[in-house]
**Student:** 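My questions will all concern the structure given below.
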Amino acid sequence: MQEEHVDKTREQVRARLAAWWEANARDLPWRFGRTTPWGVLVSEVMSQQTQMSRVVPYWTDWMRTWPDAAALAKASTAEVITAWGRLGYPRRALRLQECARVVADQYGNALPDDHDTLLSLPGIGDYTASAVSSFAFGRRVAVIDTNIRRVLSRVLLGVESRGGSATRAERDLANDALPDDTAKSVIWNQSVMELGAVVCTAKKPMCEVCPVSTCCAFLAAGRPGLGERRTRPRQRFQGTDRQVRGIVLNALRRRHDGGLTAGLPRAEAESLWPDQGQLAACIASLDDDGLIEINKDGSLSLPR
DNA sequence: GTCCGGGATT
DNA sequence: AATCCCGGAC
């Protein structure tokens, strides 16, 4: 009896979300079979910590410049870092290029469609492997990101999902809720994630326009704990190493874009940030990460 | 000005 | 558990 109710609710949620997806899915250029699996991977890596709307122009330019893994594998690292622009977390760009080299060299320029093989590639973790399996290869896999965790937890359980990494219960829920039909499972993943991105947002969900508001356990319960809990520990940016690294890298990017091939003189680098100790540590960490090169005269360059 | 959102790696 | 970035919303 109880299980029957759960099944009916889930069937209703699926049908409504599928209809909503049909009418409201954002027309992103990597959707609806308009790109290759590699193109889907690039979109997922770019979207890992960045809003889709910011990703679109970068993705379009990137794919025009490097349409496949082999093309990216041959690019200079300086070009790759420059093209990554201000998407943030530039190590993602390096890993994507490492990934491209593995795909080009070891997999004949074809992105593997096996989940475990995808997981073994640089920069591809559990989320991205699942997303590519589902969205690019149409396989039946539960995709789990923060949007999906939040939506499933709210709609089906009536509670906020907890911060940090996905719990066992959340993974079980995602697997349990995934439609048996493979084609439907892909739509499900995409529509749940899309709902979380544009309607069922963390802080101010727009329940008035939500297609599943009439069968949402969270809304029925009075949205308990809404906005109380942050999804993760807050990270300041001002004054952090991340800001300093960003400033240094941006200076080198602009130089590269302006056609200057000589390195950034150390004296100019030192004027970028007042705290010389912090600056030196950040320059060293960028060098460690392979994001910059320190020349013999102490000047800085993007890696060739 | 301050806050918010996002996954991989070590 | 800590580290990695940025722009847009307030």
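Naming convention: chains lettered A, B, ... in sequence-line order (proteins, then strands); numbering from 1 in each chain.
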**Student:** Let me know the distance between CZ of A/Arg150 and C1' of B/dG6, rounded to the nearest Å.
**Tutor:**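 From A/Arg150 CZ to B/dG6 C1': 10 Å.
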
**Student:** Find the distance A/Leu286:CG to C/dC4:C1' and express it as a whole number of Å.
**Tutor:**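 A/Leu286 atom CG is separated from C/dC4 atom C1' by 11 Å.
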
**Student:** In this structure, how many angstroms lie between the C1' atom of B/dA8 and the CD atom of A/Glu44, rounded?
**Tutor:**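 Those two atoms, CD and C1', are 14 Å apart.
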
**Student:** Got a sec? Which of residues 95-106 of chain A come in under 4.0 Å of DNA chain B, heavy atoms?
**Tutor:**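 Those residues whose heavy atoms fall under 4.0 Å from DNA chain B, taken from residues 95-106 of chain A in numerical order, are A/Arg95.
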
**Student:** May I have the distance from A/Asp288 (atom CG) to C/dT3 (atom P), rounded to whole angstrom?
**Tutor:**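 Rounded to whole Å, this separation is 16 Å.
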
**Student:** Tell me, please, which residues at least two apart from A/Trp21 pass ring pair (Phe, Tyr, Trp, His ring centres under 6.0 Å).
**Tutor:**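 Partners of A/Trp21 under the ring pair (Phe, Tyr, Trp, His ring centres under 6.0 Å) test: none.
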
**Student:** Rounded to whole angstrom units, what separation is found between the CD1 atom of A/Ile144 and the P atom of B/dG7?
**Tutor:**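 The distance from CD1 of A/Ile144 to P of B/dG7 comes to 12 Å, rounded to the nearest Å.
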
**Student:** For A/Trp188, what residues pass the ring pair (Phe, Tyr, Trp, His ring centres under 6.0 Å) criterion, not counting sequence neighbours?
**Tutor:**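 A/Trp188 satisfies ring pair (Phe, Tyr, Trp, His ring centres under 6.0 Å) with no residue once adjacent residues are dropped.
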
**Student:** Picking from B/dG7, C/dC4, B/dG6, which would you name as closest to the side chain of A/Tyr127?
**Tutor:**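 Taking heavy atoms from C-beta onward, the closest nucleotide is B/dG7.
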
**Student:** Mapping A/Asn147 and A/Gln238 to their closest nucleotides on DNA chain B, which lands nearer the 5' end?
**Tutor:**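 Per heavy-atom nearest nucleotide, the more 5' residue is A/Gln238.
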
**Student:** Round to the nearest Å and state the distance from A/Ile247 atom CD1 to C/dC6 atom C1'.
**Tutor:**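 Checked: the CD1 to C1' distance equals 12 Å.
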
**Student:** Checking side-chain contact (heavy atoms from CB on, under 4.5 Å) between A/Val55 and each of A/Leu28, A/Thr60, A/Thr50, which is the one that passes?
**Tutor:**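 Only match with A/Val55 under side-chain contact (heavy atoms from CB on, under 4.5 Å): A/Thr50.
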
**Student:** Side-chain atoms of residues 198-220 of chain A: list all donor-acceptor pairs with protein atoms under 3.5 Å, sequence neighbours left out, distances to 0.1 Å.
**Tutor:**
| unit_1 | atom_1 | unit_2 | atom_2 | d |
| --- | --- | --- | --- | --- |
| A/Thr201 | OG1 | A/Lys204 | O | 3.0 |
| A/Ser213 | OG | A/Cys210 | O | 3.3 |
| A/Thr214 | OG1 | A/Arg16 | NH1 | 2.2 |

**Student:** Can you tell me the distance, in whole Å, between the CZ atom of A/Phe237 and the P atom of B/dG1?
**Tutor:**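 Rounded to the whole Å, the gap is 15 Å.
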
**Student:** I'd like to check the side-chain hydrogen bond (donor to acceptor under 3.5 Å, both in side chains) partners of A/Ser133; sequence neighbours left out, ordered by chain and number.
**Tutor:**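 So A/Ser133 forms no side-chain hydrogen bond (donor to acceptor under 3.5 Å, both in side chains) with any residue.
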
**Student:** A/Arg304: which residues meet the salt bridge (Lys or Arg N to Asp or Glu O under 4.0 Å) condition with it, sequence neighbours left out?
**Tutor:**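 In terms of salt bridge (Lys or Arg N to Asp or Glu O under 4.0 Å), with neighbours along the sequence ignored, A/Arg304 is linked to no residue.
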
**Student:** Would you say B/dA8 has OP1 or OP2 under 4.0 Å from some side-chain N or O of A/Thr128?
**Tutor:**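 For A/Thr128, the contact criterion (side-chain N or O under 4.0 Å from OP1 or OP2 of B/dA8) is met.
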
**Student:** Connecting only ILVMFWY residues whose side-chain heavy atoms lie within less than 4.5 Å of each other, what is the rest of A/Leu249's hydrophobic cluster?
**Tutor:**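 Members alongside A/Leu249: A/Ile81, A/Leu94, A/Val244, A/Ile247, A/Val248, A/Leu252, A/Leu264, A/Leu272, A/Trp273, A/Leu279, A/Ile283, A/Leu286, A/Leu291, A/Ile292, A/Ile294, A/Leu300, A/Leu302.
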
**Student:** What's touching nucleotides 8-10 of chain C from the protein side, N or O pairs under 3.5 Å?
**Tutor:**
| unit_1 | atom_1 | unit_2 | atom_2 | d |
| --- | --- | --- | --- | --- |
| C/dC10 | OP1 | A/Lys204 | NZ | 3.4 |

**Student:** Which listed nucleotide (C/dC4, C/dG7, B/dG7) is nearest to the side chain of A/Tyr89?
**Tutor:**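 When the side chain of A/Tyr89 is considered, C/dC4 is the closest of C/dC4, C/dG7, B/dG7.
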
**Student:** For A/Ser53, which contact category applies under a 4.0 Å heavy-atom criterion: base, sugar-phosphate, or nothing?
**Tutor:**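 Since no nucleic acid heavy atom lies under 4.0 Å of A/Ser53, the category is nothing.
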
**Student:** Could you identify which residues of residues 112-126 of chain A place a heavy atom less than 4.0 Å from some atom of DNA chain C, listed by residue number, or say none?
**Tutor:**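 When residues 112-126 of chain A is checked for heavy atoms under 4.0 Å from DNA chain C, there are no hits whatsoever.
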
**Student:** Test: salt bridge (charged side-chain N to carboxylate O under 4.0 Å, His left out). Region: residues 254-277 of chain A. Which pairs qualify, not counting sequence neighbours?
**Tutor:**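 Matches after skipping sequence neighbours: none remain.
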
**Student:** Ignoring backbone atoms, test whether A/Thr146 places a side-chain nitrogen or oxygen under 4.0 Å from the OP1 or OP2 oxygen of B/dG6.
**Tutor:**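 Yes, A/Thr146 has a side-chain N/O under 4.0 Å of OP1/OP2 on B/dG6.
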
**Student:** Would you say a side-chain N or O of A/Arg245 is under 4.0 Å from OP1 or OP2 of C/dC5?
**Tutor:**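 Answer yes for this pair, as a side-chain N or O of A/Arg245 is under 4.0 Å from OP1 or OP2.
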
**Student:** Could you tell me whether the phosphate oxygens of C/dT3, OP1 or OP2, come under 4.0 Å of any side-chain nitrogen or oxygen in A/Arg242?
**Tutor:**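 False: A/Arg242 side-chain N/O out of range (4.0 Å or more) of C/dT3 OP1/OP2.
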
**Student:** Between A/Lys74 and A/Glu79, is there a salt bridge with N-O shorter than 4.0 Å?
**Tutor:**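 Salt bridge: no.
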
**Student:** List the atom pairs, with distances to 0.1 Å, where a side-chain N or O of residues 37-46 of chain A and a protein N or O form a donor-acceptor pair under 3.5 Å, not counting sequence neighbours.
**Tutor:**
| unit_1 | atom_1 | unit_2 | atom_2 | d |
| --- | --- | --- | --- | --- |
| A/Ser43 | OG | A/Val40 | O | 2.7 |
| A/Glu44 | OE1 | A/Tyr127 | OH | 2.6 |

**Student:** Closer than 4.0 angstrom, basic N to acidic O: yes or no for A/Glu160 and A/Arg150?
**Tutor:**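 Judged by the 4.0 Å cut-off on N to carboxylate O distance, A/Glu160 and A/Arg150 do not form a salt bridge.
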
**Student:** I need the CG-P distance between A/Leu87 and C/dC5, as an integer number of Å.
**Tutor:**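 Checked: the CG to P distance equals 12 Å.
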
**Student:** Quick one: salt bridge (Lys or Arg N to Asp or Glu O under 4.0 Å) partners of A/Arg34, sequence neighbours excluded?
**Tutor:**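 With sequence neighbours excluded, A/Arg34 shows a salt bridge (Lys or Arg N to Asp or Glu O under 4.0 Å) to A/Asp27, given in chain and number order.
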
